[in-house]
Amino acid sequence: RGKPGAGVAGVRRRRGYRVFFAENTLWHSLFGLLFWDELVESDLLHSSFDWVPHCLNDRSFAHRFAAQIDSKLEAVRSGSAFNLLLRPIAANWGRPNGIFAWDHVDVDALRLLLSGTSGQGIATIIGLLCRNFRDMRDGFPDPMLEKDGAVSLMEIKAEGNVIRRNQLTRLRQLGSAGIRAEIGRVDVWEVSVPVPVGHGQTSPRLRRRCVLGLLAGGRRRGHLQQADRGWEIRSWAGLDVHAAKVVVVDVDGETDEQR
């Protein structure tokens, strides 16, 4: 039952979406870059024992830097905040900090988040991070999807996975802020792989062709039946059934194989 997120990404990309796996790191890098001067440049805000600034741990950041926060949130609302992120990227790339890891900074994802969603909505979420970073730093949905300039966020849940309280809270906060965020329910099947008689061990390409052909018509023609642990082959003329299983992800009726 592998990685349903990879299956969702495959389905969405075939529908013309751009897919970014970012989760919490996207918001951490946005927050840290936007407030780099306030969080990193001041020697008063962290110690050699803890890289996370004290003002985030004791929730004094919003009060201590109220004027700077108001100015930068206005830039977010007006759509001019992206340039504020580029300056610390250019001047401080790789410099240690307690907010985000540089190898997780995705400039394209940051640009799309700021340009493809409500500026007021993004400012609202950043404001919540300013007031209570400790409680707001996780639970953000993943992946981020973009198509035709519109951005949405999705929390992927396969069968048996339960959404956590902090994830549900983030979805509600994002929705209240006017940012599209939803839960993506994913069905995961295991199917036996039919291959032409005499081929023995098959290549991934042949396995994939057989599986997709089976999924296209197998259930409709009665070749495939639901079993307790997945899908089983009932009959397939001229094919042997191997014991190996292949995981197939179904999103909105569209499938993507995971080998």
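Because the structure is predicted, anything quoted here is derived from the model rather than measured.
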When hydrophobic residues are tied together by side-chain contacts of less than 4.5 Å, even through go-betweens, does [X] share a cluster with [Y]?
X     : Y     : value
Leu84 : Leu39 : yes
Leu73 : Ile99 : yes
Val40 : Trp93 : yes
Leu86 : Leu30 : yes

Is it true that Arg170 and Gln173 share a donor-acceptor pair across their side chains at a distance under 3.5 Å?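 Gln173 vs Arg170: donor-acceptor pair found between side chains.
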For the [atom1] atom of [X] and the [atom2] atom of [Y], what is their distance to the nearest 0.5 Å?
X      : Y      : atom1 : atom2 : answer
Asp142 : Glu155 : CG    : CD    : 7.5 Å
Ile163 : Ile183 : CD1   : CD1   : 3.5 Å
Phe140 : Thr169 : CZ    : OG1   : 11.0 Å
Leu85  : Ser29  : CG    : OG    : 8.5 Å
Leu26  : Phe100 : CG    : CZ    : 12.0 Å
Ile179 : Met144 : CD1   : CE    : 11.0 Å

Please answer whether the main-chain N or O of [Y] pairs with a side-chain N or O of [X] as donor and acceptor at a distance below 3.5 Å.
X      : Y      : result
Lys147 : Arg15  : yes
Trp102 : Arg95  : yes
Glu74  : Ser71  : no
Asn24  : Gly139 : yes

Below 4.5 Å, heavy atoms only, C-beta onward: do [X] and [Y] meet side chain to side chain?
X      : Y      : result
Pro143 : Phe20  : no
Thr25  : Val105 : no
Phe31  : Leu56  : yes
Phe133 : Asn57  : no
Glu41  : Asn92  : yes

Under 3.5 Å, which donor-acceptor pairs link side chains of residues 107-116 to any protein atom two or more places apart or in another chain?
from, atom 1, to, atom 2, distance (Å)
Asp108, OD1, Arg111, NH1, 3.0
Ser115, OG, Arg111, O, 2.9

Please name the pair of heavy atoms, one in [X] and one in [Y], separated by the smallest distance, quoted to 0.1 Å.
X      : Y      : value
Ala123 : Val76  : N-CG1, 3.7 Å
Ser118 : Gly178 : CB-O, 4.3 Å
Ile69  : Ala62  : CD1-CA, 3.6 Å
Lys157 : Val162 : NZ-O, 3.6 Å

Parallel under 30°, tilted from 30 to 60°, perpendicular over 60°: which one fits the rings of Phe61 and Phe65? tilted
Presence of salt bridge, Arg87 and Asp37, under 4.0 angstrom: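 Yes.
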Can Asp135 and Arg59 be counted as an ion pair, charged N to O under 4.0 angstrom? yes
Go through the steps to decide whether Arg64 and Glu38 satisfy the test side-chain contact (heavy atoms from CB on, under 4.5 Å), and finish with yes or no. CA-CA 9 Å; Arg64 185 188 294 254; Glu38 293 78 14; over 6 Å; no
Take a 6.0 Å sphere around CZ of Arg180 and say whether it holds more than 12 heavy atoms from other residues, nucleotides or ligands.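 No, because the 6.0 Å sphere around CZ of Arg180 holds 12 heavy atoms or fewer from other groups.
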Kindly indicate, with the supporting measurements, whether the criterion salt bridge (charged side-chain N to carboxylate O under 4.0 Å, His left out) is fulfilled by Arg12 and Glu146. CA-CA 10 Å; Arg12 295 301 185 186; Glu146 183 273 334; over 6 Å; no
After noting the C-alpha distance and the side-chain angles of Ile126 and Leu34, does the key distance pass the side-chain contact (heavy atoms from CB on, under 4.5 Å) rule? CA-CA 10 Å; Ile126 295 175; Leu34 187 63; 3.9 Å; yes
Audit row: Asn166, Asp138, side-chain contact (heavy atoms from CB on, under 4.5 Å) steps and yes/no: CA-CA 7 Å; Asn166 63 338; Asp138 53 21; 3.2 Å; yes
Could you check Trp27 against Ile122 for side-chain contact (heavy atoms from CB on, under 4.5 Å), going step by step and ending with a plain yes or no? CA-CA 10 Å; Trp27 297 91; Ile122 295 294; 3.8 Å; yes
